[in-house]
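So you know, we letter chains A, B, ... as the sequences are listed, proteins then strands, and number each from 1.
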Amino acid sequence: MPRLVMHIDLDAFYTAVEQRDHPAWRGRPLIVGAAPGRRGVVATCSYEARRFGVHSAMPISEAVRRLPAETVYVRPNMARYAEVSREIMRVLGTLAPVVEPVSIDEAYLDVSGLERLVGPPEVVARRTKAAIREAVGLTASVGIGPNRLIAKLASDARKPDGLLVVRPEEVRAFLDPMPLAALRGVGAVTARRLEQAGLRTVGDVRSRPLEELRRRLGARTGTQVHLQSNGIADDRVHPATERQSISKETTFAEDVEDSDVLRDTLRWAAQEVGYLARHDARKGTVVTLKIRLHPFETHTRSRTLAAPSADDRVIFDAAWDLYRADTHAGRAVRLIGLGLSGWAQAPVQSDLFAEIDTREQDPADDRLDATLDAIRRRFGRHCIQRGLSRRP
DNA sequence: TCTGGGGTCCTAGGACCC
DNA sequence: TCTGGGGTCCTAGGACCC
């Protein structure tokens, strides 16, 4: 039996939650993201803000230039969004047997076989939207198609509050006029390569032989692009998968040259990563240092540990060694951070409790703020900015 | 315009082993 | 003394996604 995949995408999720919770912000341009005047980008903007040409990932400085004075700017409240997300995923779980969350505001559902129970795909989609609206008071866009690619493009096609079902016989006509970036795995670089070959749309890609695409993009990407342009893509929906790495990084408000600041920031990152790993009952074998130098040059250095660890000090020591071993001494640092990956096969719970926890107290958000405040107090002008998470 | 943070996956060279 | 081919691990970087 042909598979039927549904993709659900909340509309302007972060700003929608904020406008729901703050009636005074409804109907106004609203930005969730970096603070104006600081380094950073727009995470999500309300539809009122999009009318001014603002979009996610735009530098906040550019957004400020474009938006009127009545615009509201807020920092992300991730704990709140995660809470709403959990409720949405719970509701989705009551509608279909397999739910695959792909991010805080997106999920795939396998709705094959729901036809006999619920009705045609349009009815399944309408019920899903209604259930989300009833549970959390937010609108979602829903797309249904024969595979993940088509379902996702279908949910994008009618945003906001959209609903589109694309049947197998409609797939080619639906795909052909789409821009190259509609295909999964085609970003700025791959799109540019294809444009240089005179291709503009998915239909153009479909008209080219597989061999040419493989030659231009490499065997793997070329094949994927070829298959997708013909409407062929993964139609499986899996339950949530395990994460492969944990990382913490921060961009400084001003570039930093003082190695004491870098060391303290790495220590903070190691505490966060170590805590999250222990909380997940995991030990990692690879520590990766990430550093972004002035003006915007990113490097990573990694090291395999002698033994798997979730110990703040072990993680910090490895990262600090990597930092000192490198030759960027004296250069201004824009960002620094670290990650832990390469999980040990069978983490032993009791071992994890023996790991050294160098945090001062509770793992709550205020502890992180306290740590950052301490760094700010000590190194006044090097204000560390809290992170944010980009959402469309 | 001046570019966040948290991730995944792929590639490719070199080391090392058989 | 000069030389295979394959497999796996480690490391660095990059493209991409949300």
Query raised in the report: Which part of the nucleic acid, if any, lies within contact of A/L335, taking any heavy atom under 4.0 Å across all strands shown: a base, the sugar-phosphate backbone alone, or nothing?
Result: sugar-phosphate
Query raised in the report: Can a side chain N or O of A/T304 be found less than 4.0 Å away from OP1 or OP2 on C/dT11?
Result: yes
Report task. Whole angstrom is fine here: how far is it from CD in A/E297 over to C1' in B/dT3? Result -> 15 Å
Report summary line: If pairing means Watson-Crick or G-U wobble with both distances under 3.5 Å, then the partner of B/dA15 is C/dT8
Query raised in the report: Charged N to carboxylate O below 4.0 Å: is that the case for A/E212 and A/R215?
Result: no
Query raised in the report: Any side-chain N or O of A/S247 less than 4.0 Å from the OP1 or OP2 oxygen of B/dG7?
Result: yes
Report task. Identify whether any heavy atom of A/A63 sits under 4.0 Å from a base atom; if not, whether one sits that close to sugar-phosphate; answer base, sugar-phosphate or nothing. Result -> nothing
Report task. Give the nucleotide from the list C/dA15, B/dT3, C/dG13 with an atom nearest to the side chain of A/V41. Result -> B/dT3
**Report entry** Any A/T251 side-chain N or O less than 4.0 Å from OP1/OP2 of B/dG5
**Finding:** yes
Query raised in the report: Base, sugar-phosphate, or nothing: which does A/L183 touch, judged by heavy atoms less than 4.0 Å apart?
Result: sugar-phosphate
Query raised in the report: What integer distance in Å separates A/Q228:CD from C/dC16:P?
Result: 12 Å
Report task. Kindly say if A/R334 contacts the phosphate of B/dT3, meaning a side-chain N or O under 4.0 Å from OP1 or OP2. Result -> yes
Report summary line: The reported gap from CD in A/E134 to NZ in A/K129 (rounded to nearest 0.5 angstrom) is 14.5 Å
Query raised in the report: Does the side chain of A/D280 reach to within under 4.5 Å of the side chain of A/L276, using non-hydrogen atoms?
Result: no
Query raised in the report: Counting only side-chain N and O atoms of A/T250, is one of them less than 4.0 Å from OP1 or OP2 of B/dG5?
Result: yes
Report summary line: Between A/S61 and A/A219, whichever has its closest DNA chain B nucleotide further toward 5' is A/S61
Report summary line: Closest of B/dC2, C/dC18, C/dA15 to the A/P59 side chain is B/dC2
Query raised in the report: Salt bridge check: are A/R263 and A/D260 linked by an N-O gap of less than 4.0 Å?
Result: yes
Query raised in the report: Is any side-chain N or O of A/R220 closer than 4.0 Å to OP1 or OP2 of B/dA12?
Result: no
Query raised in the report: Quick one: does NZ or CZ of A/R51 land under 6.0 Å from the six-membered ring centre of A/Y47, within 45 degrees of the ring axis?
Result: no
Query raised in the report: Checking all strands, does A/R193 fall into the base, sugar-phosphate, or nothing category for heavy-atom contacts under 4.0 angstrom?
Result: nothing
Query raised in the report: Looking at A/S302, does any N or O in its side chain come under 4.0 Å of the phosphate oxygens OP1/OP2 on C/dA12?
Result: yes
Report summary line: Rounded to whole Å, CD of A/Q244 lies from P of B/dT8 at a distance of 6 Å
Report task. Return no unless some side-chain N or O of A/T298 is found under 4.0 Å from OP1 or OP2 of C/dG14. Result -> no
Report task. Answer with base, sugar-phosphate or nothing: what part of the nucleic acid does A/V102 contact at a heavy-atom distance below 4.0 Å? Result -> nothing
Query raised in the report: Between B/dT8, B/dT3, C/dC16, which nucleotide has the shortest distance from any of its atoms to the side chain of A/R243?
Result: B/dT8
**Report entry** Cationic N near anionic O, under 4.0 Å, A/E83 to A/R86
**Finding:** no
Query raised in the report: How would you label the contact of A/K290 with the nucleic acid (heavy atoms, under 4.0 Å): base, sugar-phosphate, or nothing?
Result: nothing
Query raised in the report: What integer distance in Å separates A/D234:CG from C/dC17:P?
Result: 16 Å
**Report entry** Whichever of A/E242 and A/I60 has its nearest DNA chain B nucleotide further upstream toward 5'
**Finding:** A/I60
Query - Euclidean distance, atom CG of residue A/D326 to atom P of C/dT11 [Å, nearest integer] - result: 14 Å
Query raised in the report: Is there a stack between A/F296 and B/dC2, judged by ring centres under 5.5 Å and planes under 30°?
Result: no
Query raised in the report: In whole angstroms, how far is the P atom of B/dC2 from the CZ atom of A/F252?
Result: 21 Å
Query raised in the report: Does A/R301 have a side-chain nitrogen or oxygen under 4.0 Å from the phosphate oxygens OP1 or OP2 of C/dG13?
Result: yes
**Report entry** Pair A/D11, A/S141: side-chain N/O donor-acceptor within cut-off below 3.5 Å
**Finding:** yes
Requested in this report: Check every atom of C/dC18, C/dA15, B/dC2 against the side chain of A/D105 and return the nucleotide holding the closest atom.
Outcome: C/dC18
Requested in this report: Let me know the distance between NE2 of A/H299 and C1' of C/dG14, rounded to the nearest Å.
Outcome: 13 Å
Report summary line: Rounded to whole Å, the CD-C1' distance (A/E272 to B/dG7) equals 17 Å
Query raised in the report: Of the nucleotides C/dC16, C/dC18, B/dT1, which one has an atom closest to the side chain of A/E62?
Result: B/dT1
Query raised in the report: Would one find a side-chain N or O of A/S245 under 4.0 angstrom from OP1 or OP2 of B/dG6?
Result: no
Report task. Apply the salt bridge (Lys or Arg N to Asp or Glu O under 4.0 Å) test between A/E297 and each candidate in A/R331, A/K290, A/R292; give the one that qualifies. Result -> A/R331
Report task. Using only side-chain N and O atoms of A/K248, determine if any of them is under 4.0 Å from OP1 or OP2 of B/dG6. Result -> yes
